[in-house]
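Let me begin by presenting the structure, written as C-alpha cells, before commenting on it.
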Amino acid sequence: MRGTVASAASVLADLLFPLINARFDVKLGPISLPFYLARDEGDSAVKAGVHSGFALSLLLMLFTTDSPLFVTLGLLAEQGNDVYITGHSQGASIATLLTSLVRHSTDVFKGPAYKTYTFAPAKAGNDHYAYDYARLAAVDGYGWAVTSTQDWVPQAPFALEWISDLNTPNPLRGFGGSPNPEAMIALGSVVTDGESAVNRVRDDAVRRLKQRVESLSRRLISETIHLTAADLGAATAAPITGSTISDLIQQILDQLQASLNYADVGALLPLFANPGGNPTDGTPGCQKLDYFWQHHLGNYLKYMKQQYGG
C-alpha cells in the first residue's frame with residue numbers, strides 16, 4: 001500500500017483526524033457488512049478506536065478501485081493462498097487496519113495465513129486497538145512494525161490523552177464514568193482549563209474530518225464503481241453506484257469518538273538511525289530540504305541490512 005504523498009493534504013490526514021469506533025457495520029444500500037477491526041469490548045468505558053482518515057482510505061480501497069480490494073481478498077481466500085500485507089507510511093497504517101479486518105470480520109476472508117510487515121507506520125489507533133492488534137497478530141509474530149528511531153512519521157498523529165481516555169474506575173472517574181468531585185476540586189483549574197483546550201483540539205479535528213468526508217461524498221456520486229451486489233455476497237448482481245459509496249463513507253461520522261489518544265501498534269522492530277537531515281554533499285537525488293529524509297524506504301533498507309543482516 002502506498003505511502004504518504006508529500007503534500008499538505010496527505011500529511012494532515014496523518015496528523016489531524018479524530019478516532020472512530022473500531023467495530024461497526026457498514027451499509028451499502030440493502031447490504032450490511034461487518035467492518036470489524038477489533039473485538040467487542042462490551043460495556044468498557046474506553047473502547048478500541050482507529051484513525052478515521054486511515055479507516056476511510058481502507059473503505060475506499062475495498063470498494064472503489066478498478067479492482068476492488070474486497071473482491072481480491074475474497075478470491076485469495078477461496079484459493080487458500082498465503083497473503084503478505086505490507087505498506088509504508090500512511091500505507092503502513094492502512095495495512096495495519098486491513099490486517100485487523102481480515103482477521104476479525106467475515107468468513108469471506110478466512111482461509112489464508114496472513115502475515116503483516118509495515119514500515120514507518122503512523123499510529124493507526126488508540127491503546128485499546130493496540131492491545132487487540134497485539135493479541136491478534138503481533139504476539140505471534142504475524143504483525144511486525146519496522147520503525148526508525150529518527151523518523152518523525154511514526155510519532156504521528158499528535159496524541160492527546162485526557163481524563164475520559166482512562167479506564168474506569170480510577171481516582172478521577174467512577175464505575176459509571178462520572179467525575180469524582182473530590183478529585184476535580186483537588187485538581188482545580190487543571191481540569192477546567194485542560195478540558196477546554198482538549199475540546200478545542202478535538203472539535204477542530206472533527207471539523208477537518210467532516211470537510212474531508214463531504215468533499216469525497218460529492219466526488220463519489222458521479223464515480224463509476226466496478227462492483228456489484230453479488231461481489232458482496234448478495235443474491236442479485238445489481239450494480240453498486242457512486243451514490244451508494246457516497247452514503248457509505250458518510251457513516252464514518254456516526255462512529256466518532258471524543259478522543260485523540262493514539263498509540264503505537266504492532267510488534268516493534270526498531271532501526272537505530274543516525275540523527276540529522278538529508279546530506280548536503282551533493283549526494284545524487286537529495287533535495288535541499290527534505291523533511292522526509294529519515295522516512296524514506298531507502299534509509300530503512302540500509303539500516304535493516306546493517307543491523308539485522310541480509
Side-chain angles (χ1 to χ4, degrees), residues 1-4 20-26 33-41 48-51 53-147 154 227 231-233 262-271 297 300-301 304 308 310:
M1 297 186 180
R2 72 166 184 86
T4 302
I20 61 169
N21 293 326
R23 187 180 178 92
F24 59 98
D25 292 295
V26 295
L33 295 172
F35 191 65
Y36 296 166
L37 308 179
R39 68 188 181 91
D40 185 351
E41 296 186 85
V50 295
H51 187 287
F54 300 149
L56 181 60
S57 296
L58 176 56
L59 283 169
L60 293 175
M61 291 178 68
L62 286 169
F63 302 120
T64 68
T65 59
D66 291 344
S67 298
L69 184 58
F70 187 96
V71 176
T72 301
L73 290 169
L75 291 173
L76 290 172
E78 288 179 6
Q79 298 164 9
N81 293 285
D82 289 344
V83 177
Y84 291 86
I85 301 173
T86 188
H88 171 250
S89 191
Q90 180 176 330
S93 304
I94 299 168
T96 300
L97 299 187
L98 176 60
T99 301
S100 296
L101 179 70
V102 296
R103 288 171 170 269
H104 265 302
S105 284
T106 68
D107 291 337
V108 173
F109 304 134
K110 290 183 178 177
Y114 296 98
K115 193 164 188 177
T116 301
Y117 296 90
T118 61
F119 299 86
K123 298 169 186 172
N126 65 2
D127 50 357
H128 277 237
Y129 173 71
Y131 302 150
D132 188 276
Y133 188 88
R135 181 65 184 87
L136 193 70
V139 169
D140 295 328
Y142 288 98
W144 292 96
V146 183
T147 301
L227 196 67
D231 294 324
L232 305 178
Y262 288 97
D264 295 320
V265 179
L268 178 64
L269 184 74
L271 304 178
L297 268 176
Y300 271 69
L301 177 61
M304 285 187 72
Y308 295 97

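The residues of the chain are indexed from 1 along the displayed sequence. It should be emphasised that the depicted structure is a prediction, and the values quoted were computed from it without experimental measurement.
- Between His51 atom NE2 and Leu97 atom CG the span is 9.5 Å, to the nearest 0.5 Å.
- Remark: Thr118 pairs with no residue by the side chain to side chain donor-acceptor pair (under 3.5 Å) rule, at least two apart or across chains.
- For the pair Lys115 and Tyr142, the distance from NZ or CZ to the six-membered ring centre is under 6.0 Å and the angle to the ring normal is within 45 degrees.
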Quiz item: Between Phe119 and Trp144, does a side-chain contact (heavy atoms from CB on, under 4.5 Å) hold up when you go through it step by step?
Solution: CA-CA 9 Å; Phe119 299 86; Trp144 292 96; over 6 Å; no
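- In this structure, Phe54 CZ and Thr96 OG1 are separated by 9.0 Å, a value rounded to the nearest 0.5 Å.
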Self-check item: Derivation and outcome, side-chain contact (heavy atoms from CB on, under 4.5 Å), residues Val146 and Tyr117
Solution: CA-CA 7 Å; Val146 183; Tyr117 296 90; 5.6 Å; no
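- Leu98 contributes atom CG, which lies 7.5 Å from atom OG1 of Thr116 (distance to the nearest 0.5 angstrom).
- Between Asp25 and Tyr36, the side chains place a donor N or O and an acceptor N or O closer than 3.5 Å (distance only, hydrogens not considered).
- Counting only N and O atoms by type, the side chains of Ser100 and Tyr129 include a donor and acceptor under 3.5 Å apart.
- Shown here for Thr72 and Ser67, the closest heavy-atom pair between the two residues is OG1-O, 4.0 Å.
- Counting heavy atoms from C-beta on, the side chains of Leu269 and Thr147 never come closer than 4.5 Å.
- Ser93 approaches Ala122 most closely through the heavy-atom pair OG-O, 2.7 Å.
- The shortest non-hydrogen separation linking Tyr133 to Gly143 is OH-CA, 3.8 Å.
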Quiz item: Do Leu101 and Leu62 pass the side-chain contact (heavy atoms from CB on, under 4.5 Å) test, and can you show the C-alpha distance, the side-chain angles, and the key distance before you say yes or no?
Solution: CA-CA 11 Å; Leu101 179 70; Leu62 286 169; 3.7 Å; yes
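- Contact annotation: the side chain of Phe24 approaches that of Val26 to within less than 4.5 Å [non-hydrogen atoms, C-beta and beyond].
- With values rounded to the nearest 0.5 angstrom, Leu69 atom CG is found 11.0 Å from Leu227 atom CG.
- Taking 4.5 Å as the limit, some side-chain heavy atom of Leu58 sits within range of a side-chain heavy atom of Phe35.
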Quiz item: Given the rule in the side-chain contact (heavy atoms from CB on, under 4.5 Å) test, do Ser57 and Gln90 qualify, once you have shown the distances and angles that lead to the verdict?
Solution: CA-CA 10 Å; Ser57 296; Gln90 180 176 330; 3.8 Å; yes
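- Under the rule for a side chain to side chain donor-acceptor pair (under 3.5 Å), Asn126 has no partner lying at least two apart in sequence or in another chain.
- The side-chain heavy atoms of Asp127 and Tyr262, taken from C-beta on, include no pair separated by under 4.5 Å.
- Annotation for Ala138 and Ala267: closest pair CB-N, 3.5 Å, computed over non-hydrogen atoms.
- Minimum interatomic distance between Ala48 and Glu41 (heavy atoms only, all atoms of both residues): N-OE2, 2.5 Å.
- By the side chain to side chain donor-acceptor pair (under 3.5 Å) test, Tyr300 pairs with Asp151, sequence neighbours left out.
- Nearest heavy-atom pair across Asp264 and Lys123 is OD1-CE, 3.5 Å.
- Arg103 places no side-chain N or O within 3.5 Å of a backbone atom of Ala137 that could act as its donor or acceptor partner.
- Here Leu56 contributes atom CG and Met61 contributes atom CE; the two are 12.0 Å apart, rounded to the nearest 0.5 Å.
- By the 4.5 Å heavy-atom criterion applied to side chains, Tyr84 and Tyr114 are not counted as neighbours.
- The closest side-chain heavy-atom distance from Leu37 to Asn21 is not below 4.5 Å.
- Contact of the Asp132 side chain with the His104 side chain is registered, since non-hydrogen atoms from C-beta on lie closer than 4.5 Å.
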